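What follows is one structure encoded as C-alpha cells, with my remarks underneath.
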Amino acid sequence: MTTLSYAPRAVPAFGLGSKRSLHLIERNMLAYRRMWLILISGVFEPVFYLLSIGVGLGKLIPNVTGPGGRPVTYVEFVAPALLATAAMQGAIFDSTFNIFFKIKYGRNYHAILATPLTVGDVALGEVGWALLRGLLYAAAFLCVAAGFGATPSWWAPLALPAAVLIGFAFAGLGMACTTFMRSWQDFDWVTLAMMPMFLFSTTFFPLGVYPRWLQVFVECTPLYQGIEIVRGLMLGTVEPALIGRAAYLAVVGAVGLAIASRRLGRLLLA
C-alpha cells in the first residue's frame, strides 16, 4: 500500500505582492456592501470643516498668500488642504484599526494564506484598498469644493491622482506601524501623530506664520508635501518642485509597504 504525502506550500515571508492582491481588494469591497454607511462616513468631516472654517470663518479673513506668493481667498486656501486630509484619513484608518483587528482578533490573514496569496499580496491588497478609500473621500470632497468655487484652475482634476499618492504614502506607513502594535492603546500614538499634522501642515495657515524650527518639522511631514501638491494643482501653480514632492510620497509609501510585508511574514508565518 502506497502512502501519499505532501509538503505544505511554502509561503515567502517577504515580497511586494502581485496581481493576486486584487482578490483581496475584491474581498474588501464585498465585505463593505453591508457597511456602506461606515465607508462613506469619512466624506462628511472635511466637508464640515470647509463649511464652518473655509466658508463661514473665511468671510471674516482677508486674502492669504497662496502658492507662488499670489493672494487667494481663504476658502481657496483651505479647500486643497482638506482634500489632502480626506485622502490621508481614509487611508490611515483603514490601514491601522482594520488591519490590527484582522491580525489580532479576526485572524483573516491566516485563512487567506491558505490560498495562493502570499504575505506580499496581503500587504499590497490592503494598501491598495486603503488608498482607494482615501481616493473615494477625496473625489467626493473635490465635487463639493468645486460647488463652492474653490477649484479655479483647470489643473484641479489632477488633484485626484495626487490624492492617490497621498493615500499610498499613509496606507503604507500606517500598515507598517500597525504591525508593531500590541494593543488598542497603542493607537493613541496614531492620533498623537495625525492631529499635529492636521493642524500644522499649512491646513489653515501659511507656513510663514510659524517659527523656523517648526517650519522645518512641518516640511518633513508627508501631509505637508501632499497639501502642497494638491494646492498647487487646484490653484493652478504647477512647478517642478511638485515632482519632488510626489517622489517623496511614493518613497514613503513604498518603504512602508516593504516593511509591512516583511513584518506580516514574521507575524503570520512564524
Side-chain angles (χ1 to χ4, degrees), residues 11-32 35 38-39 42 84-104 106-113 115-139 160-181 186-187 189-190 193-194 197 221-223 225-226 229 245-269:
V11 181
F14 175 71
L16 295 183
S18 66
K19 64 180 182 181
R20 290 189 298 266
S21 60
L22 294 174
H23 295 297
L24 187 57
I25 296 177
E26 181 183 7
R27 177 263 171 202
N28 288 338
M29 293 177 64
L30 293 174
Y32 271 98
M35 300 181 293
I38 297 176
L39 183 64
T85 302
M88 175 192 74
Q89 291 178 337
I92 201 73
F93 283 121
D94 215 296
S95 63
T96 53
F97 296 97
N98 289 345
I99 300 299
F100 184 78
F101 176 82
K102 291 176 182 178
I103 293 175
K104 296 290 186 179
R107 301 185 70 83
N108 302 60
Y109 301 136
H110 293 82
I112 290 173
L113 290 179
T115 72
L117 272 70
T118 67
V119 288
D121 297 326
V122 169
L124 183 60
E126 292 291 10
V127 167
W129 169 251
L131 69 87
L132 285 177
R133 184 171 180 176
L135 176 61
L136 171 66
Y137 294 173
L160 294 183
V164 172
L165 265 180
I166 297 169
F168 177 58
F170 280 99
L173 189 61
M175 190 171 185
C177 292
T178 301
T179 59
F180 290 94
M181 294 180 181
D186 290 338
F187 283 92
W189 294 102
V190 176
M194 288 181 61
M197 277 198 294
T221 63
L223 181 58
Q225 301 296 331
I229 295 173
R245 301 185 192 281
Y248 172 90
L249 295 176
V251 169
V252 170
V255 171
L257 176 60
I259 294 174
S261 180
R262 184 177 294 274
R263 285 286 303 165
L264 281 176
R266 294 178 179 178
L267 291 173
L268 302 176
L269 304 176

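The structure presented is a predicted model; accordingly, all values stated were derived computationally and were not measured.
Proximity of Pro222 to Tyr248: side-chain heavy atoms (C-beta onward) are separated by under 4.5 Å at one or more points. For the pair Asp121/Leu124, no side-chain contact is recorded, criterion being any heavy-atom separation below 4.5 Å from C-beta on. Leu267 has its side chain out of reach of Val119: every pair of non-hydrogen atoms, C-beta onward, lies at least 4.5 Å apart. Within the 4.5 Å cutoff, side-chain heavy atoms of Asp94 are placed close to those of Trp129. Residues Phe170 and Met197 have side chains in contact (heavy-atom distance under 4.5 Å, counting atoms from C-beta outward). Using a 4.5 Å cut-off on side-chain heavy atoms (C-beta onward), Phe180 and Ile259 make contact. With a 4.5 Å cut-off on side-chain heavy atoms, Val190 and Met181 count as touching. Within the 4.5 Å cutoff, the side chain of His110 has heavy atoms near those of the Leu268 side chain.
Judged as a ring pair (Phe, Tyr, Trp, His ring centres under 6.0 Å), and not counting sequence neighbours, the contacts of Phe100 are Trp184, Phe187.
Heavy-atom minimum distance, Gly125 versus Ile25: O-CG1, 3.4 Å. Between Val252 and Ala169, the shortest heavy-atom distance links the atoms CG1-O, 3.9 Å. When all heavy atoms are compared, the tightest approach of Ala91 to Ala171 is CB-N, 4.0 Å. The two atoms that bring Gly167 and Leu131 nearest to each other are C-CB, 3.8 Å, heavy atoms only. Closest approach of Gly120 and Ser261 over heavy atoms only: CA-OG, 3.5 Å.
Rounding to the nearest 0.5 angstrom, the gap separating the CE atom in Met175 from the CZ atom in Arg263 is 11.5 Å. Rounding to the nearest 0.5 angstrom, the gap separating the CG atom in Leu264 from the CZ atom in Arg262 is 12.0 Å. To the nearest 0.5 Å, atom CD1 of residue Ile229 and atom CZ of residue Arg245 are 7.5 Å apart. Rounding to the nearest 0.5 angstrom, the gap separating the CZ atom in Arg27 from the OG atom in Ser21 is 14.5 Å. Annotation: the span from Leu24 atom CG to Met29 atom CE amounts to 12.0 Å, rounded to 0.5 Å. Rounding to the nearest 0.5 angstrom, the gap separating the CZ atom in Arg133 from the CZ atom in Phe93 is 9.0 Å.
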>> As a quick check of understanding, evaluate side-chain contact (heavy atoms from CB on, under 4.5 Å) for Leu132 and Asn28, giving each step before the final call.
In response: CA-CA 11 Å; Leu132 285 177; Asn28 288 338; over 6 Å; no
> So Lys102 and Arg107, side-chain contact (heavy atoms from CB on, under 4.5 Å) or not? Walk me through it.
Replying inline: CA-CA 5 Å; Lys102 291 176 182 178; Arg107 301 185 70 83; over 6 Å; no
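With hydrogens and angles disregarded, a donor-acceptor distance shorter than 3.5 Å links the side chain of Arg20 to the backbone of Pro116.
No hydrogens or angles considered: nothing links the side chains of Asn98 and Glu126 as a donor-acceptor pair under 3.5 Å.
Residue Thr178 forms a side-chain contact (heavy atoms from CB on, under 4.5 Å) with just one option from Thr96, Leu173, Ile92, and that option is Thr96.
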